[in-house]
Amino acid sequence: MAGIDSKDIRKIVVACDAGMGSSVMLATQVRRQLKDLRIEVVHTPVNSIPGDADVVLCHAGLADRARASAPGTVLVPFQVFIGDPAVTRLIETIRKGGTVDA
């Protein structure tokens with residue numbers, strides 16, 4: 001998938017190795033930043049990404065597994081769970097409008 005227009009995003013999945021801990025914190029942060037928009041933000045294990053995910057956020061080390069689990073879904077890999085520029089860009093693109101690239 002080449003990308004998704006920000007206005008078409010309805011569900012963001014934060015995926016991590018076990019679906020607990022750091023992904024819960026990041027999902028809470030993203031949910032808080034997008035609370036006024038109609039976007040569901042959930043966390044899940046990387047091998048259990050739901051089929052209705054529009055965007056998947058995951059640590060760069062899990063990107064290959066996320067692509068295998070959710071082929072065709074826009075994947076935004078990041079390096080750190082809090083304050084990562086990739087997550088900041090995603091939030092800004094959703095708020096300002098534009099395309100979120102795969």
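By convention here, the first residue in the shown sequence is residue 1. For the numbers below, each heavy atom of this structure counts, side chains included, while hydrogens, waters and symmetry mates do not. Not measured: the values here are computed from a predicted model.
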Answer yes when D52 and R10 have at least one side-chain N-carboxylate O distance shorter than 4.0 Å, and no when they do not.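 The answer is no: the pair does not qualify as a salt bridge.
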Evaluation steps, side chain to side chain contact (heavy atoms under 4.5 Å, CB included), between V30 and L57: CA-CA 10 Å; V30 172; L57 280 167; 4.1 Å; yes
If two hydrophobic side chains count as joined below 4.5 Å and joins carry through other members, does V80 share a cluster with M25?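 Each belongs to a different hydrophobic cluster.
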I'd like to check [X] versus [Y] (side-chain heavy atoms, cut-off strictly below 4.5 Å). Are they in contact?
| X | Y | value |
| --- | --- | --- |
| V55 | V13 | no |
| T44 | P50 | yes |
| D101 | V74 | no |
| T99 | T93 | no |
| E40 | I12 | no |
| V14 | V42 | no |

What is the minimum heavy-atom distance between A53 and V56, and which atoms define it?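 Reported closest heavy-atom pair: CB-CG2, 4.2 Å.
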Search all heavy atoms of P77 against all heavy atoms of A86 and return the closest pair with its distance.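 Looking at all heavy atoms of both residues, the closest pair is O-CB, 3.4 Å.
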[atom1] of [X] to [atom2] of [Y]: how many Å apart, nearest 0.5 Å?
| X | Y | atom1 | atom2 | value |
| --- | --- | --- | --- | --- |
| S69 | L62 | OG | CG | 11.0 Å |
| I94 | D5 | CD1 | CG | 11.0 Å |
| E92 | Q33 | CD | CD | 9.5 Å |
| H59 | F81 | NE2 | CZ | 6.0 Å |
| C58 | I49 | SG | CD1 | 6.5 Å |
| D54 | I4 | CG | CD1 | 4.0 Å |

Go through Q29 and I82 one step at a time and tell me if the side chain to side chain contact (heavy atoms under 4.5 Å, CB included) criterion holds. CA-CA 8 Å; Q29 174 191 2; I82 302 299; 3.4 Å; yes
Checking side-chain contact (heavy atoms from CB on, under 4.5 Å) against L34, which of I9, I91, L90 comes through?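 Among I9, I91, L90, the one meeting side-chain contact (heavy atoms from CB on, under 4.5 Å) with L34 is I91.
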Would you check if the side chain of [X] reaches a backbone N or O of [Y] as a donor-acceptor pair within less than 3.5 Å?
| X | Y | value |
| --- | --- | --- |
| R65 | V46 | no |
| D84 | Q79 | yes |
| S23 | A15 | no |

Can you list the steps and then say if F78 with L26 is a side chain to side chain contact (heavy atoms under 4.5 Å, CB included)? CA-CA 11 Å; F78 59 86; L26 180 57; 3.6 Å; yes
With sequence neighbours left out, what residues match D36 under side-chain hydrogen bond (donor to acceptor under 3.5 Å, both in side chains)?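 In terms of side-chain hydrogen bond (donor to acceptor under 3.5 Å, both in side chains), with neighbours along the sequence ignored, D36 is linked to R95.
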